[in-house]
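Report on the structure given below.
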There are 2 protein chains.
Amino acid sequence: MQPVNCIRDCPEIFSAETNMTETFNPLKLENQLCFPLYVCAKEVIRRYKPFLDELDLTYTQYITMMALWEHRSLSIKGLGKILFLDSGTLTPVIKSLEKKGYVIRERSKDDERVVNVTLTEQGSSLYNEALQVPVKMSSCIELSAEEAGTLYSILHKLADNLTEEN
Amino acid sequence: MQPVNCIRDCPEIFSAETNMTETFNPLKLENQLCFPLYVCAKEVIRRYKPFLDELDLTYTQYITMMALWEHRSLSIKGLGKILFLDSGTLTPVIKSLEKKGYVIRERSKDDERVVNVTLTEQGSSLYNEALQVPVKMSSCIELSAEEAGTLYSILHKLADNLTEEN
DNA sequence: TTCTATTAGATTGTGTACAATTGAATTGTA
DNA sequence: TACAATTCAATTGTACACAATCTAATAGAA
């Protein structure tokens, strides 16, 4: 990726408020904030792939399992709120997890519209193998503890800002 | 998104080197670094959509046009290096841009394997309308100048680290 | 209570992403 | 110079991601 000279080279943030001096070009890739975000997300997920392949999970299936390891059972809607995914994405992901035997899907008796997704025994026990995934990933991301912490908190602030009140 | 308490709550970074005290759980979504990255990338791109719709561009087409506004003409391989995309993704994107009249595709005379993608007059002049996109986006991202700059440089460091050497 | 509005999830259609393969062109080497 | 290896782009197959639509179920209001 390109080097960066100064803080105002982030057009989504600065183009409106900064005085546009000589050569500053808000449509250059190197001046974007979203583009490296998009590249990093893709590349980190690509680094997950070999480790997730060992569990026969995709990244989307992995984060779905994480939500279920924490909550045991969730509706499609509940999963969507946690993962920021809609039913168009989740329905096939969950059917795939069901086929692998990690979850079961069943209509709620209280409200027939609701589909509850629940971990099976096999899905629960996958947790122990999955514990190796973050361990292995940690060696792929060469950021200092401070940088990682800073990145973490800025991303959470940004995510809150972008996803609030839809 | 969930609140964060302390810097070690980033398992991809910390799980290998940190002493695992009592309840720290590396497989919780709130303890991931990749998950908010993935969510932010998706959500920022979603915010682009209404502005890009006005230009009849998708985000992938938009970054492709950015590369071409800067370089005028590039091979598929050249575009792939800049955008971190492979031919399987780029071929349909470029055919779509060709259909809209923004680029032309032609085999290189020097090397018939190479396809050069070149801006048309119409593609070039789209630049002027596209200048409004970063202006409009700047009001969607509520980060301070300092946070944006910090995010920018950490993401570039991470991208360099993830994409170096193929 | 009946009719309307809302909600949950599934489906459809479009557009990425990427791994793996293919085929044509070029390069490197014996 | 042949011929094996490499390179470039296209194609194929799988898996998202989301907008828009659809259907069934539930809730709300007259």
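Quantities reported herein were computed from a predicted structural model and do not represent experimental measurements. Below, chain A is the first sequence line, B the second, and so on; all start at residue 1.
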With under 30° as parallel and over 60° as perpendicular, where do the rings of B:Y62 and B:W69 fit, or are they tilted in between? perpendicular

Which residue, B:N116, B:L68, B:L119, B:V117, forms the side chain to side chain contact (heavy atoms under 4.5 Å, CB included) with B:S73? B:N116

Can you check the A:I76 CD1 to C:dT7 P distance for me, whole Å? 18 Å

If each of A:S96 and A:S108 is mapped to the nucleotide of DNA chain D with the nearest heavy atom, which maps nearer the 5' terminus, i.e. the 5' end? A:S96

Using the side-chain heavy atoms of B:K42, tell me which of these nucleotides is nearest: C:dA25, D:dA10, D:dA17. D:dA17

Does C:dT6 have a Watson-Crick or wobble partner in any strand here, with both distances under 3.5 angstrom, and which is it? D:dA25

B:R47 side-chain N/O to D:dC18 phosphate OP1/OP2 under 4.0 Å: no

With side chain to side chain contact (heavy atoms under 4.5 Å, CB included) as the test, pick out the partner of B:I76 among B:I94, B:L85, B:V93. B:I94

Using heavy atoms to find the nearest nucleotide of DNA chain C for A:Y38 and B:D110 separately, return the residue whose nucleotide is more 5′. A:Y38

Candidates C:dG9, D:dC18, C:dT26 - which lies nearest the side chain of A:V114: C:dG9

Think A:T60 has a side-chain N or O under 4.0 angstrom from the OP1 or OP2 of D:dA17? yes

So what does B:T58 hit on the nucleic acid, given a heavy-atom distance under 4.0 Å: a base, only sugar-phosphate, or nothing? sugar-phosphate

Can you tell me the distance, in whole Å, between the CG atom of A:L85 and the P atom of C:dA10? 14 Å

Proximal nucleotide (of D:dA25, C:dT26, C:dG9) relative to the A:R113 side chain: D:dA25

Does a nitrogen or oxygen in the side chain of B:T91 sit under 4.0 Å from OP1 or OP2 of D:dA9? no

Which nucleotide in C:dA17, C:dA19, D:dC18 has an atom nearest any side-chain atom of B:D86: C:dA19

How many whole angstroms separate atom CZ of A:R46 from atom C1' of C:dT16? 15 Å

It should be established whether A:Q61 places a side-chain nitrogen or oxygen under 4.0 Å from OP1 or OP2 of nucleotide D:dA15. no

To the nearest angstrom, the CZ-P distance between A:F84 and D:dC18 comes to 11 Å

C:dA8, D:dA9, C:dT11: which one has an atom nearest the side-chain heavy atoms of A:K95? C:dT11

Can you figure out which of C:dA8, D:dA10, C:dA10 approaches the side chain of A:K77 most closely? C:dA8

What is the distance, rounded to the nearest whole Å, between atom CD1 of B:I94 and atom C1' of D:dT11? 15 Å

Can you tell me if A:R105 touches the phosphate of C:dA10, counting only side-chain N or O atoms and a distance under 4.0 Å to OP1 or OP2? yes

Looking at A:Y38, is A:K42 sitting on its ring face, NZ or CZ under 6.0 Å from the six-membered ring centre and within 45 degrees of the normal? yes

Scan B:S75 against the nucleic acid and name what it touches under 4.0 Å (heavy atoms): base, sugar-phosphate only, or nothing. sugar-phosphate

Can you find a donor-acceptor N/O pair under 3.5 angstrom joining the side chain of B:S87 to the base of D:dA10? yes

Rounding to an integer number of Å, can you tell me how far A:L74 CG sits from C:dG9 P? 11 Å

From OH of A:Y62 across to P of D:dC16 the rounded distance in Å is 15 Å

Is the closest basic N to carboxylate O distance between A:E98 and A:R105 below 4.0 Å? yes

C:dG23 C1' sits how many Å from B:R107 CZ, rounded? 10 Å

First of B:D111 and A:L90 reached from the 5' end of DNA chain C, by closest nucleotide: A:L90

Treating Ile, Leu, Val, Met, Phe, Trp and Tyr as nodes and any side-chain heavy-atom pair under 4.5 angstrom as an edge, say whether A:I104 and A:L126 lie in one connected cluster. no

